[in-house]
Amino acid sequence: MQSALTGQEVLQHFISCCKKRSKLFVPDSPRQEQVCDALGDFYEIDILFDAIDEYVKVNPGPFIIFDFAVQSKKYIDHVINEKKSRNSFLLMVKETKKRMELE
């Protein structure tokens, strides 16, 4: 398992996702630091960052980190399921390619 993120790293990623998609991020101090710390401690880094990306992409905004935290389980599950599906598909393609090469 990867090391825990700091709340500041989570917050910066969230803000950068909003900027990348030209969506409004609304600061919610001091609560946002505590929420980001909790998210960074609880979830794996790559899955959390992918879930934040998905959340910002799908929702119109404006964004407050607390709103993401409330819905985080939904987005984390979505990211995990997408990764499993992608990996399963890639494995199937790899196995098919092997079989075709043997024939």
S.K.: About how many Å separate CD1 of I80 and OH of Y43, when rounded to the nearest 0.5 Å?
M.R.: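 Nearest 0.5 Å value for the OH-CD1 distance: 8.5 Å.
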S.K.: Taking side chain to side chain contact (heavy atoms under 4.5 Å, CB included) as the test, write out the residues that go with S29, two or more places apart.
M.R.: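 With neighbours one apart ignored, the set is Q32, E33.
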S.K.: Below 4.5 Å, heavy atoms only, C-beta onward: do F42 and D37 meet side chain to side chain?
M.R.: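 Side chain of F42 against side chain of D37, heavy atoms only: no contact under 4.5 Å found.
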S.K.: With rounding to the nearest 0.5 angstrom, report the CG to NE2 distance, D50 to H78.
M.R.: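 It is 10.0 Å, given to the nearest 0.5 Å.
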S.K.: Tell me whether V58 is reachable from F14 by hopping between hydrophobic residues (I, L, V, M, F, W, Y) whose side-chain heavy atoms are closer than 4.5 Å.
M.R.: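 Looking at the clustering, V58 is in the same group as F14.
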S.K.: Quick one: does V26's side chain get under 4.5 Å of L24's, heavy atoms only?
M.R.: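 A side-chain contact exists here, since the closest heavy-atom pair is under 4.5 Å.
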S.K.: Take atom NZ in K83; do more than 12 heavy atoms of anything else shown fall under 6.0 Å from it?
M.R.: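 Counting other residues, nucleotides and ligands, NZ of K83 exceeds 12 neighbours.
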S.K.: Anything under 3.5 Å between a donor and an acceptor, one on a side chain of residues 61-71, the other on a protein residue two or more places apart or in another chain? List them.
M.R.:
none

S.K.: Measuring from atom CD of E54 to atom NZ of K57, what distance do you get when rounded to the nearest 0.5 angstrom?
M.R.: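 Separation between the atoms: 4.5 Å.
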S.K.: Set out, in order, the CA-CA distance, both residues' side-chain angles and the distance that settles salt bridge (Lys or Arg N to Asp or Glu O under 4.0 Å) for K73 and D77, then state yes or no.
M.R.: CA-CA 6 Å; K73 177 77 169 115; D77 289 346; 2.9 Å; yes
S.K.: Run the salt-bridge test on E101 and K98 with the 4.0 Å N-O cut-off and return the result as yes or no.
M.R.: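 Salt bridge flag = no for K98 with E101.
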S.K.: Quick one: does any side-chain atom of S88 pair with a main-chain N or O of K84 as donor and acceptor, under 3.5 Å?
M.R.: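 No, the answer is negative, given that no donor and acceptor are paired below the 3.5 Å cut-off.
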S.K.: From C36 SG over to D28 CG, what is the distance, rounded to the nearest 0.5 angstrom?
M.R.: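 C36 SG to D28 CG: 10.0 Å, rounded to 0.5 Å.
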S.K.: For the atom pair CZ (F49) and SG (C17), what is the distance rounded to the nearest 0.5 Å?
M.R.: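 These two atoms lie 8.5 Å from each other.
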S.K.: I need the full list of side-chain hydrogen bond (donor to acceptor under 3.5 Å, both in side chains) pairs touching residues 16-27, with sequence neighbours left out, sorted by first then second residue.
M.R.: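 As it turns out, there is no side-chain hydrogen bond (donor to acceptor under 3.5 Å, both in side chains) pair with a partner in residues 16-27 once direct neighbours are skipped.
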S.K.: To the nearest 0.5 Å, what is the distance between CZ on R86 and CG on N81?
M.R.: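 R86 CZ to N81 CG: 11.5 Å, rounded to 0.5 Å.
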S.K.: Is there a side-chain contact between H13 and E9, using heavy atoms and a 4.5 Å cut-off?
M.R.: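 Counting from C-beta outward, H13 and E9 never come under 4.5 Å.
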S.K.: What closest approach, in Å, do A51 and I76 show between heavy atoms, and which atom pair accounts for it?
M.R.: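 Smallest interatomic distance, heavy atoms only, reads CB-CD1, 3.6 Å.
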S.K.: Assess, by modelled atom type and distance only, whether the side chains of N59 and Y75 contain a donor and an acceptor separated by less than 3.5 Å.
M.R.: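 Yes, Y75 and N59 have a side-chain donor paired with an acceptor closer than 3.5 Å.
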S.K.: Is any side-chain heavy atom of I52 less than 4.5 Å from a side-chain heavy atom of V10?
M.R.: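 Sidechains of V10 and I52: in contact.
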